[in-house]
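Note sheet for the following structure.
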Amino acid sequence: MSAQHQFATSALTAGHNLNQHGKTVAVPIYQTTAYRFDSSDHAAALFNLSEAGNIYTRLTNPTNAILEERLATLEGGIGAVVTASGTSAVATTLQVLLKQGDHIVASNSVYGGTYNLLAVTLPRLGITTTFVDPSEIQNFEDAVTENTRAVFLESIGNPKLDILDIEAISSVAKRHQIPLIVDNTVPTPALLNPIKYGANIVIHSLTKYINGNGTALGGVIIDAGTFDWSSGKFDEFTTPSPGYHGLVYHDALGAAAFIAKVRIEGLRDFGAALSPLNAFQIIQGLETLDIRIKKHSENALALAEWLAGRPEVEWVNYPGHKNSREQILAEKYLQKGASGIVTFGLKGGFEAAKKVADATLIFKIAANFGDSKSIIVHPASTTHQQLTDKQQETTGVTPELIRLSVGLEDLQDLKTDLEQAFLA
Ligand SMILES: *Cc1c(COP(=O)(O)O)cnc(C)c1O
């Protein structure tokens, strides 16, 4: 099934082999913790990886496996591991990849939670990050040191909504033999596939557009299978692992060494497994992602154009609409749409922005995006208030900025709602 199918078809079918699952048309929920072994010898074979099969739902689960194969197919990867949240997908990736003394180069427009992990929490474990302005490719080159072991980006920064030139950045990472990790949450695989442009690992928060209903947290780590772990910079892939009876990941698993390590070390030791019930919820959303994200993009673009004509509005930002450089990047990376997030600044500044967010009725004030229902947030007073002024500035959060996650409601109703909030 799948590799030869178009996106909309794979989103509905990939990974679900009907004959393996009682000919169910819908993906079934395997709500079980453990799996019966045929014998103790069979169990031993599963535990030492000489045979494939289910042991325990922290490691594998048939519902989760369908979601994993589907997402790997949609991104063009060779394998995937789903996790309890987008945050745990980021954290597990870095925990599996890095050790004390290692260094990350990251774009400075990453999600607030990721920024905090890189800037505050990982340094406590001896892993440091240099944040760079991603609009100048040379900044990545300049930030690489002999200890750099990962380049981390978001394909579209949030809430800055800057489009990253993944292909140009990937050539810097490649030249230094460093894996490129791209968080592709905002555009989703329906609009952009970072692996096509050289990403080695792709991450999503499934909580956002992929679920789409705001009902379940989830994350995924997808391996392109394109990074050469034997290049000399990743000893843990080429020397015997004491955690697995001396298994040498690169020798035993080849191109799949990283994603295997994510499962057998990342999930085993850090335990951020996705609940199968949440996997089921996320699969329901993924089935309609293709049509939803196009409608989100359409509504968001129309609303951005309307906002630009309003007297209360100082500026409007939508991916591809800031300047000519962004337009060129949008033409290259976002031909099918630019997703559903719009930011704008109010002439009245911090206080006015806070008031407008409080006054909307259809737009709900909430810390989420990618829901079918429209969401409004004033990041400077909510999601980003724990960052310093300087950190707020580098992540693109200015005091007057409002972020809209434009949902699937009627466009005129959304305009009317914002209009009454402006007048309030
Ligand atoms: C929301 C988000 C995350 C974190 O995902 P959770 O599922 O909320 O843990 C990571 N990266 C980006 C770009 C996000 O938008």
Side-chain angles (χ1 to χ4, degrees), residues 64 67 71 75 80-95 104 106-119 121-122 129 131 134 150 152-164 166 180-192 194 199 201-222 266 270-275 277-279 281-282 285-286 289 293 296 300 319 333-334 338-343 366-371 375 377 379 382-384 386-387 395-397 403-406:
N64 293 15
L67 179 58
L71 289 165
E75 280 291 18
V81 169
V82 288
T83 59
S85 64
T87 302
S88 58
V90 174
T92 303
T93 297
L94 298 174
Q95 282 161 335
I104 302 166
S107 68
N108 65 13
S109 53
V110 293
Y111 175 71
T114 302
Y115 190 90
N116 224 53
L117 172 71
L118 298 176
T121 306
L122 286 181
T129 295
F131 292 96
F152 190 99
L153 317 173
E154 285 174 17
S155 45
I156 300 180
N158 165 29
K160 221 183 220 177
L161 305 182
D162 50 338
I163 304 164
L164 270 68
I166 300 170
L180 175 63
I181 306 168
V182 178
D183 179 335
N184 195 35
T185 299
V186 173
T188 83
L191 300 178
L192 172 64
I201 298 164
V202 175
I203 288 172
H204 287 276
S205 167
L206 304 176
T207 314
K208 314 291 171 49
Y209 290 106
I210 290 181
N211 175 296
N213 295 298
T215 56
L217 293 173
V220 68
I221 305 162
I222 299 160
F270 296 107
L274 181 66
S275 150
L277 189 57
N278 279 6
Q281 292 271 354
I282 291 162
L286 183 53
L289 175 65
I293 196 72
H296 279 292
Y333 293 104
L334 296 170
S339 197
I341 304 178
V342 177
T343 58
N368 190 19
F369 68 86
D371 195 318
I375 288 171
V377 75
T382 57
T383 52
H384 287 63
Q386 76 277 21
L387 301 184
T395 54
V397 174
R403 187 186 77 187
L404 302 178
S405 169
V406 182

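Remember, it's 1-based here, ligands and their atoms both numbered in the order they're listed. Predicted model, so just to flag it, every value in this text is computed and none were measured. Each residue takes its place number in the sequence, starting with 1.
- Side-chain atoms of His296 do not come within 3.5 Å of backbone N or O of Ser339 as any donor-acceptor pair.
- Using a distance-only test at 3.5 Å, with no hydrogens or angles considered, no donor-acceptor pair links the side chain of Ser205 to the main chain of Thr185.
- A donor-acceptor pair under 3.5 Å is absent between the side-chain atoms of Ser107 and the main chain of Leu153, judged by distance alone.
- For Ala279, the side-chain contact (heavy atoms from CB on, under 4.5 Å) criterion is met by Thr63, Asn64, Leu67, Leu274, not counting sequence neighbours.
- The immediate protein surroundings of ligand 1, defined as residues with any heavy atom under 4.0 Å of it, consist of Ser85, Gly86, Thr87, Tyr111, Glu154, Asn158, Asp183, Thr185, Ser205, Thr207, Lys208, Gly218, Phe369.
- The salt bridge (Lys or Arg N to Asp or Glu O under 4.0 Å) check on Asp371 picks up Lys373, with sequence neighbours excluded.
- Scanning for side-chain contact (heavy atoms from CB on, under 4.5 Å) contacts around Ala273 gives Arg58, with sequence neighbours left out.
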